[in-house]
Amino acid sequence: MCEKILLIDGHSILNRAFYGLPDLTNSEGLHTGAVYGFLNILFKVLGEEKPEYLAVAFDRSEPTFRHAKYPEYKGTRKPMPQELKEQIPLLKEMLEKMEIATVSLAGFEADDILGTLAKKGEEKGMDVIILSGDRDLLQLATKKTMIRLPRTAKGQTVIEDYKEDQVQERYLVTPAQVIELKALMGDAADNIPGIPGVGEKTATRLLAEYGSIENAFSHVEEISQKRARESLRENYQMAQLSKELATICTNSPIEFEQEKFQLGNIFTKEAYELCRKLDFRNFLMKFDPAEVNENTIEQDFFICNDLEGCEALFEKAGQAEAVGIALLWDKEGVYGAGLALGEDEMYYVPVEGMVTAAYLSDKIGRLGKSTTVCSMDVKTMLKRADLTPDANVFDCGIAAYLLNPLKSTYTYEELAKDYLDGKLLPGKEELLGKISLKKAWEEDMPELEHLACYMAYTAFATRAPLKAKLQETGMWKVYTEIELPLVFTLDSMEKWGIEVKGEELKNYGEKLTVRIHELEKLIWQQAGEEFNINSPKQLGVILFEKMAIPGGKKTKTGYSTSADILEKLASENLIINDILEYRQLTKLKSTYADGLGAVIEKDGRIHSTFNQTITATGRISSTEPNLQNIPVRMELGRLIRKVFVPEAGFVFLDADYSQIELRVLAHMSGDEKLIKAYREAEDIHRLTASQVFHIPLEEVTPLQRRNAKAVNFGIVYGISSFGLSQDLSITRKEAAAYIQKYFETYPSIKGFLDGLVEQGKEKGYVSTMFGRRRPVPELKSSNFMQRSFGERVAMNSPIQGTAADIIKIAMNRVYKRLLDEKLRSRLVLQVHDELLIETWKDEIPQVSRILEEEMKGAANLAVELEVDMHQGNNWYEAK
DNA sequence: ACCCTCACG
DNA sequence: ACGTACGTGAGGGTC
């Protein structure tokens, strides 16, 4: 086997990555997408080729010998975008840290360096691989030099390989003739003119017949095509110059520094740190942990796998002031636990022999009574650890969420980076990759021990800085009095779940299917062809091209077919109504009938997950399935609620706050008139209409009420005349007039909202009544749209967030009272302003009282918090 | 993986 | 001139 050298065309591959892939930015806002793409392809090719030598060539900014011959060379290039430009030094830094040789030479392009090194490599008897995005390089292909050209096909990167023979096969010319081809055809990118009137076809034919431009010229009279013949005659000199320009120099004055090109370990500690900094998580696992880990935490990891040892360990842990705990489990089993007794004392306890899942559950439960159990995610741990609501726990994920609710994940390695002076720990993905916990456990992988210990370590070590920051920011109370107790409340709701009648759900779905098929036929009939109605793309073409319904474009990718657009066209086009009904029914079928049916568990109940660290405002969210968006507005959809039923002997009590956000607004703004309105009014929207339009309450028309209601909503969302005009289908001017009248009617509201924006700009965040913060970085944006968004967010978040705080407080109190008063009734759902309690029939009066007292009493506002309550034998009836 | 659409508050 | 209401999650289509 020959030795092999890989030569890379640096700029060309970087360019390709930049234009071919979505841009990325790291947490500091650096553009990194092109560097990421470059490394991706580098790793791929290194894996395939396994070369002994490697060099990356770059162009330089100085003029080259080609400019001396032809000053217009590359003269029409567009300037490189800043986002790409700034990635060049970044790539060079990365290559340097990977100890990969980079080569450049004043007066020469990267191509010339590649050509020269390829030739020298061959002379040394090596196989040569050239990686570039530029087809011009094909002229360098030989029997021993292969050109590899990556391209994107169907979202996947595939590499075309060319040795001498493949060039001939694909382009019907020899590598040397690639130069002639380019000279004949010209190259717009390099500003090489070529022969006008000669394209790829003619050029290839000329070369097949005459071999070269010179020979073609000497037989110019024989060329049958008139245009080509005359053009070649006229432009022969230019063609010769083009040929010179297109020829890659293979004897540039560059050394073949064999030693420097030698490929060593590219996965150095320095490169690792840069990958970290750039958030290239996918690459981190390529590095050898032993090599890159500067921290010596792993020295302090111990395994404890016998019962006696565990007894002693938990005994000692129970006496510590706090312990970090990480419980490793998934649906298939419990695998072990990590314990941190100090920053330099971590233990891994695998489930094994006498140390069972139940043993760990019990031991962790006991720790909750004697010490503070710190965890990255307490609620998840509660599913397999016997901790009661009175346990002492610290939840690092929730603490970090409060400190910055805009992050999408709160993993231990992120928390270590953010709260332990930038400490770099390997994350789960990096340790285990795609390997499941179960597999790692079965095979006794050391990475599982490391995962458990790092997680426990982080939980332990971040507690103090997180607590300090929460106190500094005034959020310690929100944390201890709202969020932490809520962990237990939500855990209980998840565990109870809610019964769903699977059979009825199936019947409902089948009824939908019948009508869906009818509609499908009707729609196809009217369209005159069969097509996928679910495809907005196909539907757009059918409606707005084939049927030529006037409606026009909206989105970047094609026509908008959303319901609000279609509804405007419905009156004149019968097909539209059928499409709208079809859409409605397929939604009900796929998301609800089928979707919910698929997640009913063996106990006949659905156990959703309530996420506490997702939203920017402080609300909770619900997933797998989402039980916070079960249909209610349309009757047909609302019927789904009939399949949600209480267990035998129970009924549902459903309690919801009446206009909680508007009441919060009244309180926070202190607007006397709005507060007074709430004290008097039965129907706030009607009263708003009466006051805004200066008409007696009795004379308010339904339309006026509807408009006033929309304005009330708009205010809460961070009003804009455009948004309101869209909602009400009125002009912006009219919308602006409504808003102005509203602000005149309730004068303190405007001042309050402006104050929120002002505060957001000044402090960088806005706050709820209880001190929960939301950062609003958009307010500093130079982009108008972004800034406007920031302003609306600044106005909305304190209102939405305060309402979220209030219902969370109410939930905790309701949950506590149900426990304290030893009731069988249980909280099962929260839908932002609504609580659903599965109520033991004998307890109905008591639970009603509890709900009313705790919901109304959750906050003391200048206006009453009003609660509507209903009872029923299913969720439909209880609304 | 991303967009569109639509369900809820 | 920009081109939007605030906050979510899920399913289907497309590339």
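Just so it is clear: chains get the letters A, B, ... in the order the sequence lines come, proteins before strands, and each one is counted from 1.
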Asker: Between A/D594 and A/K587, just flag the one whose closest nucleotide in DNA chain C comes earlier from the 5' side.
Answerer: A/K587
Asker: For a quick check of understanding: with a heavy-atom distance under 4.0 Å over all strands, which category does A/T615 fall into, base, sugar-phosphate or nothing?
Answerer: sugar-phosphate
Asker: May I have the distance from A/R641 (atom CZ) to B/dC8 (atom C1'), rounded to whole angstrom?
Answerer: 8 Å
Asker: So, is A/T561 close to the B/dT5 phosphate, meaning a side-chain N or O under 4.0 Å from OP1 or OP2?
Answerer: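 Result: yes.
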Asker: Which of these nucleotides, C/dC6, B/dC8, C/dG3, is closest to any side-chain atom of A/F784?
Answerer: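 My answer, after comparing the listed nucleotides, is C/dG3.
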Asker: In this structure, how many angstroms lie between the C1' atom of B/dT5 and the CG atom of A/L543, rounded?
Answerer: 15 Å
Asker: May I ask you to evaluate whether A/T591 reaches the phosphate of C/dA10, defined as a side-chain N or O under 4.0 Å from OP1 or OP2?
Answerer: no
Asker: With a 4.0 Å cut-off on heavy atoms, is A/L724 in touch with a base, just the backbone sugar-phosphate, or nothing at all?
Answerer: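 Base, at least one base heavy atom under 4.0 Å.
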Asker: Does this structure show an ion pair linking A/R515 with A/E518, if we count only N-O contacts that are shorter than 4.0 Å?
Answerer: yes
Asker: Across the strands shown, which category fits A/R638 at heavy-atom distances under 4.0 angstrom: base, sugar-phosphate, nothing?
Answerer: nothing
Asker: Check A/E866 with A/K856, please: is the shortest side-chain N to carboxylate O separation under 4.0 Å?
Answerer: no
Asker: To the nearest Å, give me how far apart CG (A/N534) and C1' (C/dA10) are.
Answerer: 14 Å
Asker: Name the closest nucleotide to the A/M785 side chain, picking from C/dT4, C/dC6, C/dG9.
Answerer: C/dT4
Asker: Which is true for A/F713 with a 4.0 Å heavy-atom rule: it touches a base, it touches only sugar-phosphate, or it touches nothing?
Answerer: nothing
Asker: Could you give the CD1-to-P distance, from A/I640 to B/dC6, as a whole number of Å?
Answerer: 16 Å
Asker: A/N532 near the nucleic acid: base, sugar-phosphate alone, or nothing, with a heavy-atom cut-off under 4.0 Å?
Answerer: sugar-phosphate
Asker: For A/R619 and B/dG9, is the shortest distance between a side-chain N/O and OP1 or OP2 below 4.0 Å?
Answerer: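 Answer is no, no contact under 4.0 Å.
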Asker: If you measure from the Lys or Arg side-chain nitrogens to the Asp or Glu carboxylate oxygens, is any gap between A/D564 and A/K568 under 4.0 Å?
Answerer: no
Asker: Scan A/A803 against the nucleic acid and name what it touches under 4.0 Å (heavy atoms): base, sugar-phosphate only, or nothing.
Answerer: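 Counting heavy atoms under 4.0 Å across all strands, no contact is made by A/A803.
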Asker: Once you round it to whole Å, what is the distance between C1' of B/dT5 and CD of A/Q584?
Answerer: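 The distance from CD of A/Q584 to C1' of B/dT5 comes to 13 Å, rounded to the nearest Å.
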Asker: Any idea which of C/dG7, C/dG9, B/dG9 is nearest the A/N626 side chain?
Answerer: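 Shortest atom-to-atom distance from the side chain points to C/dG9.
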Asker: What stems involve DNA chain C, if each pair must be Watson-Crick or G-U and both of its distances must be under 3.5 Å, with 3 or more such pairs in a row?
Answerer: B:1-9 with C:6-14
Asker: Between C/dA5, C/dT14, C/dA10, which nucleotide has the shortest distance from any of its atoms to the side chain of A/S535?
Answerer: C/dT14
Asker: Between the base of C/dC6 and the side chain of A/Q800, is there any donor-acceptor pair under 3.5 Å?
Answerer: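 Yes, a donor-acceptor pair under 3.5 Å.
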Asker: Which nucleotide sits closest to the side chain of A/F722: B/dC6, C/dT8, C/dT4?
Answerer: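 When the side chain of A/F722 is considered, C/dT4 is the closest of B/dC6, C/dT8, C/dT4.
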Asker: Using a heavy-atom cut-off of 4.0 Å across all strands, would you classify A/V716 as base, sugar-phosphate, or nothing?
Answerer: nothing
Asker: When rounded to the nearest 0.5 angstrom, what distance separates CD1 in A/I549 from CG in A/N573?
Answerer: 4.0 Å
Asker: Whole Å only: how far is the CG atom of A/D833 from the P atom of C/dC6?
Answerer: 20 Å
Asker: Taking CZ from A/R633 and P from B/dT5, how many angstroms apart are they, rounded to a whole number?
Answerer: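 The answer, rounded to whole Å, is 18 Å.
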Asker: Atom CZ of A/R583 to atom P of C/dG12: distance rounded to whole Å?
Answerer: 14 Å
Asker: Check every strand shown and say whether A/S622 touches a base, only sugar-phosphate, or nothing at a heavy-atom separation below 4.0 Å.
Answerer: sugar-phosphate
Asker: Looking only at side-chain N and O atoms, does A/Q786 come under 4.0 Å of OP1 or OP2 in C/dC2?
Answerer: no
Asker: Per the atom types in the model, does the base of C/dT4 pair as donor or acceptor with the side chain of A/R792 at under 3.5 Å?
Answerer: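 Check passes, donor-acceptor contact within cut-off.
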